[in-house]
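Written out below as structure tokens is the structure these notes cover.
Everything quoted here is computed from the prediction, not taken from an experiment. Quick note: numbers below take in every heavy atom, side chains included, and nothing from hydrogens, waters or symmetry partners. Just so you know, residue 1 is the first one in the sequence shown, and it goes up from there.
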Amino acid sequence: MTGVKVCCGTVNSIKSLWETRIKKSKDELKKEREQRDRRAVGRLTGAWEDRITLAKLKEKVVTEEGRVILRIEKEEWKTLPPALVQLSQIQEWQLHRIGLQKIPQFISSFESLIVLDLSRNSVTEIPKEIGKLTRLRELLLSYNRVSHVPEELGCCENLEKLELAMNEDLDGLPTRLSNLKNLYHLDLSMNQFTTIPDCVVNLPSLEWLDMGSNKLESLPEDIHRMDKLHTLWLPRNELEYLPDNISRMQSLDTLVLSKNKLRDIPPLMDLKFSFCRFVNFRDNPLTYDVMLPDLKENVDEEENDREMFGRDFMHFYIQEARKRGSQTFTSVLNVTLDGVSETASSL
């Protein structure tokens, strides 16, 4: 009887072990099925979400003057969905005030893109894939948080207009940007530049440059190499002097230098700047306090402002500086000669 009891106990143990294993196996299979079902539902849900998102994006696509444009304003789109790639025929992005934080890497799929306008968002980085957009003509990223520009941007050989105003921490540009042979318009205002980058001076087609409200301490001595530049905005900087070669910028038509730390105006500007239509030296601590004579009384305050600190003011200031400088030299010379005479008399 004892042997039978032992055998029965062993059988029961084996049976219990197998039941436990079978139950565990069933539980695992059930768990796997549930996971598969969840993944399938997730994929199905994702597919439906992509369809819904794509349909929503398609509603934002318009055609104007033969150009396909994606236009979104004042909506919440912190990231752009991969489904957007299905609309790669879009030629222009106009995405303003949507809270966008990142330009997607799949931007390189939009080979037909001509204008990329992402102004007034929260973009922190320009991806290197931007260099694939060889048809891009305008890149507008003002009022974002970009602190670095990739050298690959220099591959956008057809780029004509680049705006990076008000990106706060931006203080430099890659050398390869000088490869942008067609770039004629550049806005770098309200950033942290302390000088005009060499690559900017080397841009062969640049006509319009705004570097106002930076921290410019000096201008490059070879600034005259920017021989096609007709508009130069430099207000609200730290400039204390102007290089003489600025007078050799033959195409310059507009020069704004208000609210700097200029002490003088180069005399050569009087001779060479007769072609300049508009200049502004307002709010600079110039050495001589000069007022234009015979200001017109029947013009508005803005017009008077232009005359008081504009081109006529520049010419009058330089003439006065020469006159007063000559008088100072004569006074010093007379004092010196008087001293020599007195010394000779005493001898």
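- Between Glu151 and Arg176 there is a salt bridge, since at least one side-chain N of the basic residue sits less than 4.0 Å from a carboxylate O of the acidic one.
- By the neighbour-count criterion of 12 heavy atoms within 6.0 Å, atom NZ of Lys102 is sparsely surrounded, having that number or fewer from other residues, nucleotides or ligands.
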Exercise. Decide side chain to side chain contact (heavy atoms under 4.5 Å, CB included) for Leu141 and Ile126; before the verdict, give the C-alpha distance in whole Å, the side-chain angles of both, and the deciding distance to 0.1 Å.
Key: CA-CA 9 Å; Leu141 282 167; Ile126 303 173; 3.6 Å; yes
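- Between Cys199 and Leu173, the closest heavy-atom pair is SG-CB, 3.7 Å.
- Residues Trp233 and Asp187 form no side-chain contact, since every pair of their non-hydrogen atoms from C-beta on lies 4.5 Å or further apart.
- No side-chain donor from either of Tyr288 and Asp264 sits under 3.5 Å from a side-chain acceptor of the other.
- Sequence neighbours left out, the pairs with a member in residues 149-191 that pass ring pair (Phe, Tyr, Trp, His ring centres under 6.0 Å) are His185-Trp208.
- One finds no salt bridge joining Lys261 and Glu240 here, because no Lys/Arg side-chain nitrogen approaches an Asp/Glu carboxylate oxygen to under 4.0 Å.
- Contact of the Gln192 side chain with the Glu168 side chain is not registered, since no non-hydrogen atoms from C-beta on lie closer than 4.5 Å.
- If you chain together hydrophobic residues whose side chains sit under 4.5 Å apart, Leu219 and Leu188 fall into the same group.
- Other residues, nucleotides and ligands contribute at most 12 non-hydrogen atoms within 6.0 Å of the NZ atom of Lys228.
- Between Gly131 and Cys155, the shortest heavy-atom contact is O-CB, 3.6 Å.
- Residues Met211 and Pro197 form a side-chain contact, since some pair of their non-hydrogen atoms from C-beta on lies under 4.5 Å apart.
- The residues Glu59 and Lys56 are annotated as not salt-bridged, no charged nitrogen and carboxylate oxygen being separated by less than 4.0 angstrom.
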Self-check item: Test log, rule side chain to side chain contact (heavy atoms under 4.5 Å, CB included), inputs Ile114 and Arg67
Solution: CA-CA 9 Å; Ile114 297 173; Arg67 185 178 293 184; 4.1 Å; yes
Exercise. Could you walk me through whether Leu80 and Leu95 pass side chain to side chain contact (heavy atoms under 4.5 Å, CB included), step by step?
Key: CA-CA 11 Å; Leu80 295 173; Leu95 311 181; 4.0 Å; yes
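- Annotation for Asn167 and Asn191: closest pair N-OD1, 2.8 Å, computed over non-hydrogen atoms.
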Exercise. Would you sort out whether Leu116 and Leu136 count as a side chain to side chain contact (heavy atoms under 4.5 Å, CB included), showing the intermediate values?
Key: CA-CA 8 Å; Leu116 181 56; Leu136 192 67; 4.0 Å; yes
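- No more than 12 heavy-atom neighbours from other residues, nucleotides or ligands sit within 6.0 angstrom of CG on Asp198.
- Atom NZ of Lys128 sits in a sparse spot, with 12 or fewer heavy atoms from other residues, nucleotides or ligands closer than 6.0 Å.
- Taking all atoms of both residues into account, the shortest heavy-atom contact from Pro266 to Pro243 is CG-O, 4.4 Å.
- A 4.5 Å side-chain heavy-atom check between Leu186 and Asp210 finds every atom pair outside the cut-off.
- Salt bridge annotation for Arg97-Glu75: absent, with no cationic side-chain nitrogen under 4.0 angstrom from a carboxylate oxygen.
- Residues Ser142 and Arg120 bring no donor and acceptor atom of their side chains to less than 3.5 Å of each other.
- Sorted by first and then second residue, the ring pair (Phe, Tyr, Trp, His ring centres under 6.0 Å) pairs involving residues 100-155 (not counting sequence neighbours) are Trp93-Phe110.
- In this structure the side chain of Leu87 never reaches within 4.5 angstrom of the side chain of Leu70, judged on heavy atoms.
- Annotation for Ala165 and Met190: closest pair CB-CE, 4.4 Å, computed over non-hydrogen atoms.
- At a threshold of 4.5 Å between non-hydrogen side-chain atoms, the residues Met269 and Leu242 count as touching.
- Among His96, Glu92, Gln94, the one residue that satisfies the side-chain hydrogen bond (donor to acceptor under 3.5 Å, both in side chains) test with Arg71 is Gln94.
- The minimum heavy-atom distance between Lys259 and Asn284, with the atom names listed, is N-ND2, 4.0 Å.
- Ile103 places none of its side-chain heavy atoms less than 4.5 Å from the side chain of Glu125.
- Here CD1 of Ile130 is found 5.5 Å from SG of Cys156. Values are rounded to the nearest 0.5 Å.
- Both Val68 and Ile72 are members of a single hydrophobic cluster when ILVMFWY side chains are connected at heavy-atom separations under 4.5 Å.
- Expressed to the nearest 0.5 Å, how far CG of Leu177 lies from CD of Glu152 amounts to 11.0 Å.
- The side-chain heavy atoms of Thr124 and Ser147, taken from C-beta on, include no pair separated by under 4.5 Å.
- Asn179 contributes atom CG, which lies 10.0 Å from atom CD of Glu157 (distance to the nearest 0.5 angstrom).
- In this structure Trp77 satisfies the ring pair (Phe, Tyr, Trp, His ring centres under 6.0 Å) test with no other residue, sequence neighbours excluded.
- The hydrophobic clustering, which links ILVMFWY residues whose side-chain heavy atoms are closer than 4.5 Å, places Leu139 and Ile98 together.
- Separation of atoms CG (Asp253) and CG (Leu255) is listed at 10.5 Å; rounding is to 0.5 Å.
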Practice problem: Before giving the answer on side-chain hydrogen bond (donor to acceptor under 3.5 Å, both in side chains), spell out for Asn202 and Arg225 the whole-Å C-alpha distance, their side-chain angles and the decisive distance to 0.1 Å. | Solution: CA-CA 8 Å; Asn202 292 330; Arg225 292 175 53 217; 2.5 Å; yes
